[in-house]
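To start, the structure under review is shown below, and the notes come after it.
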2 protein chains.
Amino acid sequence: MKLSSRSEYGLRAMVELAQSYGSGPLALADIARAQGLSEGYLEQIIAPLRRAGLVLATRGVKGGYTLAASPKSITAGQIMRALEGPLDLIECASEYGSESSCKRELACGSRRLWLKLRDSIVDVLDSTTLADLCTGDSTPGDKKEKPRHVGVLAGQ
Amino acid sequence: MKLSSRSEYGLRAMVELAQSYGSGPLALADIARAQGLSEGYLEQIIAPLRRAGLVLATRGVKGGYTLAASPKSITAGQIMRALEGPLDLIECASEYGSESSCKRELACGSRRLWLKLRDSIVDVLDSTTLADLCTGDSTPGDKKEKPRHVGVLAGQ
DNA sequence: TTGAATACCTACCAATCTACTAGGGATTAT
DNA sequence: ATAATCCCTAGTAGATTGGTAGGTATTCAA
């Protein structure tokens with residue numbers, strides 16, 4: 001159930017970039033310093049984000065990275081897919097069909113849970129933008145939050 | 001983003017037990033055979049479920065495992081917590097407070113996402129029972145299935 | 001034109017985790 | 001007593017994680 005640090009660091013880097021959006025490129029070293037991350041490792045993490053077209057790089061002396069679009073139009077889902085591949089907790093419940101596996105039982109009881117879980121995760125990730133993670137309040141633009149029995153969850 | 005096979009196998013075993021609920025103990029070897037799992041490995045997986053009080057074991061000749069309660073009253077959340085520990089994707093967004101970490105920033109932007117995600121996951125897991133995974137239809141009490149692009153999932 | 005600052009790439013590595021296997025001990029119905 | 005079962009611990013090959021190291025390419029500025 002643990003997320004790899006790739007996602008954690010990658011998202012933190014993107015939030016950092018979102019916060020300085022509009023102020024020109026931010027050097028890798030600056031991001032790493034600001035977030036307390038290893039520069040070399042962060043470099044490997046930001047590469048897939050660039051390849052996915054989420055950040056732009058400019059080389060040379062005043063170079064660095066910038067968001068490829070406004071923080072409002074980049075979702076956590078895009079970032080996670082770039083870093084982790086298709087969103088799925090399990091082979092047979094991937095967002096994009098995995099024909100191969102699950103020959104065993106398509107009507108497999110437990111698969112139902114993984115599908116529900118995946119949908120729920122995809123829903124959260126795709127409805128959260130970088131802007132949502134930067135503003136002071138914690139509510140995204142459209143509030144389609146269903147009033148579930150949240151609130152029992154101790155701790156802010 | 002991948003779940004360990006512990007959870008997958010553990011849940012499958014529990015579904016198997018749920019399906020034979022009321023028919024006496026089911027031997028480990030039978031569960032393993034029915035689900036196509038390694039017996040030795042499954043043994044290690046079912047142990048924490050027993051320690052968590054979710055299944056009961058009876059030794060001896062006609063022994064085996066039974067659910068400790070009705071499938072309706074055992075949730076996926078209980079099973080996952082027994083197998084994976086506290087539900088969290090990341091240290092600083094655990095369900096039970098982790099004071100230690102995250103000295104960096106409690107108002108950390110990215111943390112907001114992990115909390116939302118965790119809440120969403122906890123919500124799904126705690127609202128799904130074993131009975132939900134055994135019945136013919138795929139709807140638990142409330143039906144909130146969004147019509148996503150499922151159906152692409154090519155059947156075997 | 002040179003130099004420095006940056007991004008970009010590949011290979012390597014130690015430690016940990018995963019998914020088992022092996023083998024024996026404890027308990028119980030027959 | 002015996003066989004069937006659960007129970008426990010240790011080992012292990014391979015993959016993954018979280019990096020480090022070292023070099024190349026590109027750009028700006030003097």
Side-chain angles (χ1 to χ4, degrees), chain A residues 1-13 16-17 20 23-68 82-85 89-91 101, chain B residues 1-13 16-17 20 23-68 82-85 89-91 101:
Chain A
M1 203 83 221
K2 275 285 168 27
L3 211 57
S4 72
S5 73
R6 279 180 78 81
S7 304
E8 183 191 351
Y9 294 177
L11 186 69
R12 272 162 65 181
E16 189 74 24
L17 285 173
S20 78
S23 317
L26 203 54
L28 191 73
D30 292 333
I31 304 174
R33 198 177 320 111
Q35 292 285 335
L37 306 176
S38 146
E39 195 177 332
Y41 189 33
L42 184 57
E43 192 180 354
Q44 293 175 41
I45 292 173
I46 213 168
L49 294 170
R50 175 176 41 82
R51 292 189 201 104
L54 297 177
V55 301
L56 301 174
T58 48
R59 290 171 155 190
V61 172
K62 287 285 190 176
Y65 294 90
T66 52
L67 290 189
L83 293 171
E84 305 267 347
L89 292 172
I90 222 169
E91 191 85 3
S101 57
Chain B
M1 202 86 220
K2 276 285 168 28
L3 211 57
S4 72
S5 73
R6 278 180 79 82
S7 304
E8 184 191 350
Y9 295 177
L11 186 69
R12 273 162 64 180
E16 189 74 23
L17 284 173
S20 79
S23 316
L26 202 53
L28 190 74
D30 292 332
I31 303 175
R33 198 178 321 111
Q35 292 284 336
L37 304 177
S38 144
E39 193 176 333
Y41 189 31
L42 184 58
E43 191 180 357
Q44 292 175 40
I45 291 173
I46 214 168
L49 294 170
R50 174 178 41 84
R51 291 189 202 106
L54 298 177
V55 301
L56 301 174
T58 49
R59 288 170 156 190
V61 171
K62 288 283 191 179
Y65 294 91
T66 51
L67 290 189
L83 292 171
E84 307 267 347
L89 292 172
I90 221 169
E91 190 85 2
S101 58

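For the numbers below, each heavy atom of this structure counts, side chains included, while hydrogens, waters and symmetry mates do not. The chains referred to below are lettered A, B, ... by the order of the sequence lines, with proteins before strands, and numbering in each begins at 1.
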| In whole angstrom, what separates A:Leu28's CG from C:dC8's P? | 9 Å
| task | Mind listing the closest non-hydrogen atom pair of A:Leu17 and A:Tyr65 along with its distance? | result | CD2-O, 3.3 Å
| remark: By nearest-heavy-atom nucleotide on DNA chain D, the more 5' of B:Asp30 and B:Ala47 is B:Asp30
| task | Map A:Gly60 and B:Val61 onto DNA chain D by nearest heavy atom, then report which one ends up closer to the 5' terminus. | result | B:Val61
| Is there a side-chain polar atom (N or O) of A:Arg6 under 4.0 Å from OP1 or OP2 of D:dT17? | no
| request: Give the rounded distance in Å between these two atoms: CZ of A:Arg33 and C1' of C:dA5. | output: 13 Å
| Choosing from D:dG18, C:dT6, D:dC7, which nucleotide comes nearest the side chain of B:Ala57? | D:dC7
| note | In whole angstroms, the gap separating C1' of D:dT17 from CD1 of B:Ile90 amounts to 14 Å
| said: Under 4.0 Å from OP1 or OP2 of C:dT18: is there any side-chain N or O of B:Tyr9 that close? | reply: no
| query | Roughly how many Å is it from NZ in B:Lys2 to P in D:dT16, rounded to a whole number? | reply | 10 Å
| query | Does a side-chain heavy-atom distance below 4.5 Å link B:Leu49 with B:Leu83? | reply | yes
| said: Without decimals, in angstroms, what is the distance between A:Tyr65 OH and C:dT6 C1'? | reply: 9 Å
| remark: Rounded to whole Å, the CG-P distance (A:Leu3 to D:dT16) equals 16 Å
| said: At less than 4.0 Å, is any side-chain N or O atom of B:Arg59 found next to OP1 or OP2 of C:dG25? Yes or no. | reply: no
| said: For a quick test of reading the model: is some side-chain N or O of A:Arg50 closer than 4.0 Å to OP1 or OP2 of C:dC9? | reply: yes
| task | Grab the CD1-P distance between B:Ile31 and D:dT5 for me, whole Å please. | result | 12 Å
| message | Any donor-acceptor pair, under 3.5 Å, between the side chain of B:Gln44 and the base of C:dC20, if you only look at N and O atoms? | response | yes
| Closest heavy-atom pair and its distance - B:Leu26, B:Ser20 | CD2-OG, 3.6 Å
| query | How long is the line joining CD of A:Glu43 and C1' of D:dT24, in whole Å? | reply | 12 Å
| query | Hey, is the side chain of B:Ser38 poking within less than 4.0 Å of OP1 or OP2 on C:dC20, counting only N and O atoms? | reply | no
| Exercise: identify the closest heavy-atom pair between B:Tyr9 and B:Ile45 | CB-CD1, 3.8 Å
| Quick check: does any side chain N or O of B:Arg12 sit under 3.5 Å from a backbone N or O of B:Gln35, one acting as donor and the other as acceptor? | yes
